[in-house]
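For the numbers below, each heavy atom of this structure counts, side chains included, while hydrogens, waters and symmetry mates do not. Keep in mind that this is a model prediction, so the values were computed, not measured.
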Amino acid sequence: MTQEERQLPGPPGRGASDAVRRLRREAAEIRAAVRAAPRRTVVAESLVCALAAAFGLIPLLLIPPDRPVLAVLEALWAALLVAARRGRPVAAVLGVFPLLMGANVWVLAVVPLIVLSATRRIAPPRRAWRIVGVACAALGGLTVATGLFRWETLPVKLAENAVSAVLLLLLPTLAGTMLGRRRPLVDLLRERNAYLEQTRTLTAAAARMEERTRIAREMHDLLGHRLSLISVHAGALELAAARQAPPLAGQVELLRTTAGTAMEELREILGVLRHTDLSDETGGDRGTYDDITALVTQSRQTGGGSVELVWSVPDTVEVGARIRQAIHRVVREGLTNVLKHASGAPTLVEVKGTDAGIEVYVTNGVPRVPGDSQGGTSSGLAGLQERISLLGGTFGAGALPDGGFRVTAWLPSQPFQPSHTTNGPVPVSSSSGADAAPYSHAPRPLSGDGDTWQPGSNPPLSAQTLTWPRVLGAGCTAVLVVLPTAGFLIVLLVMAALG
């Protein structure tokens with residue numbers, strides 16, 4: 001197509017058809033935007049538009065205007081601009097200037113809200129000021145055009161509309177541009193904060209991994225060597241006991257198997273420290289019925305007292321590997337606690353399966369020799385509490401009224417990963433755990449808040465939540481801008497009601 005052909009006018013009616021096509025395309029885009037918007041947003045916008053229309057129409061029933069048809073059209077036009085301020089902010093700002101000269105003074109209360117909401121969505125801010133300048137120029141031109149035949153009232157009209165433009169257009173634009181500048185700054189600060197938080201987390205994880213590797217190396221060099229020697233000497237002692245002291249053969253065999261189990265557990269812990277997290281713990285056979293039965297049998301052989309097991313976990317209940325591992329640790333810690341502080345006391349181990357999760361109880365009676373305890377630091381119980389809290393369970397330990405002691409734990413069937421930092425460890429009884437203090441300490445009730453832990457914490461405060469410090473610190477300028485506009489509107493509405 002040549003340049004001359006481009007400049008030739010189209011056939012008659014082509015401009016009208018193009019306008020109709022644009023309107024249809026605009027209507028299709030509006031319908032698509034409404035369908036894509038969340039239902040909550042659509043409902044809220046519909047309510048705002050209805051309130052704007054009601055605020056412009058209801059007063060007309062009480063105070064009839066001189067031109068009622070024009071006043072009704074202005075109220076409907078204001079409601080339409082309220083709906084357009086989000087998707088078409090430029091058109092909304094340009095469409096408010098006829099309302100400043102209309103017959104319906106009640107719609108003036110909606111004008112600054114439309115301008116403030118629309119200009120905060122126009123970027124950059126200088127573009128918003130240009131658009132408002134065009135609206136002010138159009139208002140001045142319309143004022144001059146309507147006052148051509150009334151020259152004596154033209155200066156007064158120009159002054160009135162100038163004041164209206166300053167208070168209803170310029171000041172809301174100032175507040176809107178300030179709010180529009182604040183939003184990207186807040187988003188940028190949030191992104192930087194997230195980046196810094198991620199960096200801090202990664203740095204802390206690297207430091208923990210380095211420390212865990214160092215601990216694993218020390219444990220391998222020291223404990224591994226000692227346990228290997230114990231296992232070798234226990235094997236030799238077992239052979240000698242079988243020939244020279246057959247009655248002690250069972251005890252020596254238990255010593256050798258215990259040393260071998262300790263070596264296996266040490267290898268598992270080293271693997272966890274070096275390569276994986278708690279979620280990847282090995283030992284899939286831990287926490288089963290056979291495993292807990294073996295723990296009870298070993299405790300009965302070592303302590304000499306009666307240790308009973310009540311297992312009531314249905315086979316249909318699916319228990320995760322980490323939960324089974326925690327069950328094993330709770331039972332083992334409770335039985336070790338009995339051996340250290342109440343050797344020979346009757347002990348009952350209960351593992352129950354419920355709809356909510358798994359309940360574990362290790363309860364012992366009064367020790368045979370009161371006050372016969374090896375002492376401790378409660379580190380075993382503190383470790384149990386931390387492990388169970390990370391899995392989303394609750395833990396408790398305390399003395400019973402009859403002089404016994406009980407360790408309790410509730411665990412969900414499947415572990416969960418907490419999304420927030422825990423509330424921290426809960427103080428535990430000084431008379432519990434594998435390294436607990438003597439039983440002569442004061443008893444504590446099991447139902448108290450100090451023996452349980454509930455995961456979760458208060459969610460972080462959103463950056464957009466309005467609080468008094470934020471309102472006073474970041475919104476003072478906007479409030480000072482809006483106050484003259486609000487005062488001007490109050491004066492206008494009072495004058496309209498009295499007139």
Side-chain angles (χ1 to χ4, degrees), residues 218-270 282-283 285-311 325 327-351 362-377 379-380 403-405 407 431-440:
E218 295 294 331
M219 292 176 64
H220 178 271
D221 295 340
L222 298 178
L223 293 180
H225 176 68
R226 299 297 183 186
L227 288 176
S228 298
L229 290 178
I230 293 175
S231 181
V232 171
H233 287 294
L237 182 61
E238 182 181 5
L239 294 177
R243 295 192 303 268
Q244 302 176 7
L248 300 178
Q251 299 293 332
V252 176
E253 181 183 3
L254 178 62
L255 176 62
R256 180 184 59 80
T257 56
T258 303
T261 303
M263 285 292 297
E264 294 178 0
E265 293 180 348
L266 179 61
R267 294 191 187 98
E268 294 176 5
I269 293 173
L270 293 179
T282 56
D285 56 341
R286 299 288 175 84
T288 60
Y289 174 74
D290 296 335
D291 174 57
I292 302 301
T293 302
L295 286 177
V296 170
T297 302
Q298 292 178 6
S299 178
R300 187 184 299 118
Q301 293 175 356
T302 305
S306 62
V307 183
E308 303 295 333
L309 172 63
V310 176
W311 180 278
Q325 188 87 349
I327 294 173
H328 174 89
R329 297 295 175 87
V330 172
V331 174
R332 187 180 66 177
E333 190 70 23
L335 293 177
T336 304
N337 193 39
V338 174
L339 292 175
K340 292 185 66 176
H341 307 299
S343 180
T347 306
L348 176 62
V349 178
E350 300 176 84
V351 182
V362 180
T363 309
N364 64 271
V366 180
R368 292 184 302 181
V369 181
D372 184 13
S373 174
Q374 303 179 18
T377 60
S379 60
F405 197 83
V407 175
S431 58
S432 59
D435 301 318
Y439 271 79
S440 58

Nearest-0.5 Å distance that lies between atom CD in Gln244 and atom CG in Leu239 | 11.0 Å
Within a strict 4.5 Å, meaning less than it, do heavy atoms of the Asp291 and His328 side chains meet?
-> yes
Where do Ala342 and Asn364 come nearest, in terms of heavy atoms and distance?
-> CB-ND2, 3.8 Å
Write down the atom of Leu335, the atom of Thr347, and the distance for their closest heavy-atom approach.
-> CD2-CG2, 4.0 Å
Between Val366 and Ala345 the two heavy atoms that sit nearest each other are O-CB, 3.6 Å
To the nearest 0.5 Å, how far apart are CD in Gln298 and OG1 in Thr336?
-> 10.0 Å
Between Val296, Thr293, Val330, which is the residue that forms a side-chain contact (heavy atoms from CB on, under 4.5 Å) with Val349?
-> Val296
Rounded to the nearest 0.5 Å, what separation is found between the CD atom of Glu350 and the CD1 atom of Ile292?
-> 13.5 Å
Spacing of CG belonging to Asp290 relative to CH2 belonging to Trp311, to within rounding of 0.5 Å = 9.0 Å
